[in-house]
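One structure is given below, encoded as structure tokens.
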Amino acid sequence: MTRYHGNEVVKAGFYWSPARWEIVPIAKGGGMLPGTADNRYIRLPLLLLMAVGPFMGALYVMFLPLLGFAMLFGFGGKKLYGAVRNIAGNPARTAEAEQEN
């Protein structure tokens, strides 16, 4: 498989960017690949595209909920850590709490 770079004029087909995990279609007659010269693309044959496309979609469907839970627990963990650190770093607050009991 030949490698191509962004802003390169290519013939019609499907080009995959491994860094962005994206398939870019180039219409009949050819066109220019998006991005800069640092972006790399691999031209995918149609049969390989038919195998890779659903696989990429399945990974997206499986891992999107996991990413949501990871973000939720990460956010909650940061809030909890900040609250514990705030209480532990302020001895006057802990002394007030002990006097109330």
With Tyr15, which residues qualify under side chain to side chain donor-acceptor pair (under 3.5 Å), at least two apart?
-> Arg43
NE2 (His5) and OG1 (Thr36) are apart, to the nearest 0.5 Å, by 10.5 Å
Please report the C-alpha distance between Val24 and Glu22 in whole Å, then the side-chain angles of each, then the deciding distance to 0.1 Å, and finally whether the side-chain contact (heavy atoms from CB on, under 4.5 Å) criterion is met.
-> CA-CA 6 Å; Val24 177; Glu22 173 184 29; 4.1 Å; yes
Between Met32 and Ile26 the two heavy atoms that sit nearest each other are O-CD1, 3.9 Å
Measure across Ala12 and Gly29 and return the closest heavy-atom pair with its distance rounded to 0.1 Å.
-> CB-N, 4.1 Å
Nearest atoms (heavy-atom pairs only) where Tyr41 meets Ser17 = CE2-CB, 3.6 Å
Same apolar cluster: Leu46 and Leu44, side chain cutoff 4.5 Å | yes
Which value, rounded to the nearest 0.5 Å, describes the distance between Phe55 atom CZ and Leu48 atom CG?
-> 11.5 Å
Atom pair OH (Tyr4) and NZ (Lys11), whose distance is rounded to the nearest 0.5 Å | 6.5 Å
Please answer: with hydrophobic residues joined when any side-chain heavy atoms are less than 4.5 Å apart, are Leu66 and Leu59 in the same cluster?
-> yes
Decide if atom CE of Met62 counts as having more than 12 heavy atoms of other residues, nucleotides or ligands within a radius under 6.0 Å.
-> yes
Considering residues at least two apart in sequence or located in another chain, which fulfil the side chain to side chain contact (heavy atoms under 4.5 Å, CB included) criterion with Met56?
-> Trp16, Trp21, Ile23, Val52
Distance from Arg3 atom CZ to Ile42 atom CD1, nearest 0.5 Å?
-> 4.5 Å
Check for a donor-acceptor pair, side chain of Asn7 on one end and backbone N or O of Gly35 on the other, with a separation under 3.5 Å.
-> yes
